[in-house]
Amino acid sequence: MSSAMPHTTQRSNRVLAVLSVVLCCVLAACTATTPGTMAGLDAEQRLQVADAAAASGDHALALSMFQAAADSAPNDTALQLRCATGLARNGKTGAARDLLIARLKAHPNDSDLLRGLAAIYVVTGQPSPAINELNQALAARPGDSDAMLDKAVALDLQGRHADAQHLYRQMLVREPNDPAISNDLAVSLMIEGRTQEAQAVLAPFADSDDVPPRLRINLGLIYAANGNAEAARRLLGDRLGEADVQTLTRSIASAAPSGQTVQTP
């Protein structure tokens with residue numbers, strides 16, 4: 001009897017979490033009298049219910065609420081993307097893809113929807129269709145930095161590192177101090193085993209506090225791969241030993257394309 005109590009309590013807490021959000025939404029809308037009534041909720045309130053349901057583990061309710069919210073405002077691009085993101089975060093990437101494809105039939109040149117669909121393709125390991133969508137997004141909005149960066153990442157995933165690096169460098173001409181673009185360029189170079197070039201790209205950010213944590217981590221890994229254990233420890237912590245440095249160097253070397261070697265000082 002006692003062993004079942006924690007599970008019962010957890011389930012009750014999840015149910016209460018969802019019902020509390022539903023109740024708040026219903027009271028705000030003044031269109032329903034019981035927490036179980038969903039018909040009176042608008043799109044934003046359905047999103048709140050979906051988020052609460054997802055957080056509590058009720059993925060079936062979350063899925064239905066995300067889809068209902070999307071259907072209630074088919075011309076609201078921002079809301080469609082929020083619904084697709086919610087679906088994808090709950091493991092429903094197929095439903096997220098189908099949602100965006102359906103919306104694009106009505107708005108075929110919507111750059112934001114195209115980028116959203118491309119992101120779904122990227123996370124499901126399909127860079128080729130992602131690049132197709134991003135090419136269309138760039139045709140609709142030429143020079144868009146976000147679409148260009150997304151395309152460069154997809155090119156890297158496709159193994160077309162030279163093409164990706166060309167785009168990264170093109171963007172850095174316009175935004176020379178952008179840490180996100182610099183970070184992605186450095187990762188692309190590191191994948192090819194060009195770790196000295198990757199270090200040169202990220203080193204200017206080494207002493208800056210206003211950079212993404214992933215950039216500092218990547219720079220630390222690059223220092224380690226280049227044999228600079230002291231600089232790597234400064235960024236990654238004291239737990240990085242000589243054996244770790246050697247392991248990282250071997251790992252990056254094995255990932256480099258045939259005929260290329262990891263550069264060392």
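Counting begins at 1 with the first residue of the sequence.
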Nearest 0.5 angstrom please: [X] [atom1] to [Y] [atom2], how far?
| X | Y | atom1 | atom2 | result |
| --- | --- | --- | --- | --- |
| R169 | I181 | CZ | CD1 | 12.5 Å |
| S188 | E197 | OG | CD | 10.5 Å |
| S111 | D146 | OG | CG | 8.5 Å |
| H166 | M171 | NE2 | CE | 10.0 Å |

Per the side-chain contact (heavy atoms from CB on, under 4.5 Å) rule, which among V187, V211, L202 passes with S182? L202
Any ion pair linking D76 and R103 (charged N to carboxylate O, less than 4.0 Å)? no
Please determine if D112 and R141 form a salt bridge, counting it only when a charged side-chain N lies under 4.0 Å from a carboxylate O. yes
Using every non-hydrogen atom in the two residues, find where [X] and [Y] come nearest and quote the distance to one decimal.
| X | Y | answer |
| --- | --- | --- |
| L236 | G220 | CD1-C, 3.7 Å |
| A137 | R115 | CB-CG, 4.4 Å |
| L100 | I120 | CD1-CG1, 4.2 Å |
| A88 | A96 | N-CB, 4.1 Å |
| A118 | E133 | CB-CB, 4.0 Å |
| A130 | A154 | CB-CB, 4.4 Å |

Beyond-backbone contact of [X] with [Y], side-chain heavy atoms, under 4.5 angstrom:
| X | Y | value |
| --- | --- | --- |
| L235 | I217 | no |
| N183 | P212 | no |
| E230 | Y223 | no |
| L219 | R234 | no |
| L134 | L114 | no |
| Q158 | I131 | yes |
| I222 | N226 | yes |
| Y168 | V153 | yes |

Check for me, please, whether [X] and [Y] land in the same ILVMFWY cluster - side-chain distances under 4.5 Å, paths through other members count.
| X | Y | value |
| --- | --- | --- |
| L99 | L104 | no |
| L157 | L117 | no |
| L149 | Y121 | no |
| L87 | L113 | no |

I'd like to know if the side chain of D110 pairs up with that of T77 as donor and acceptor (distance under 3.5 Å, no hydrogens or angles considered). yes
Between [X] and [Y], is there a donor-acceptor pair closer than 3.5 Å when you use the side chain of the first and the backbone of the second?
| X | Y | result |
| --- | --- | --- |
| T85 | L81 | yes |
| E192 | A162 | no |
| R216 | S208 | yes |

Apply the side chain to side chain donor-acceptor pair (under 3.5 Å) test between Q165 and each candidate in R160, R194, Q170; give the one that qualifies. R194
Verify the neighbour count for atom CZ of R89: are there more than 12 heavy atoms of other residues, nucleotides or ligands below 6.0 Å? no
Let me see the working for K151 and L167 under side-chain contact (heavy atoms from CB on, under 4.5 Å), right down to the final yes or no. CA-CA 8 Å; K151 181 179 177 180; L167 278 182; 3.9 Å; yes
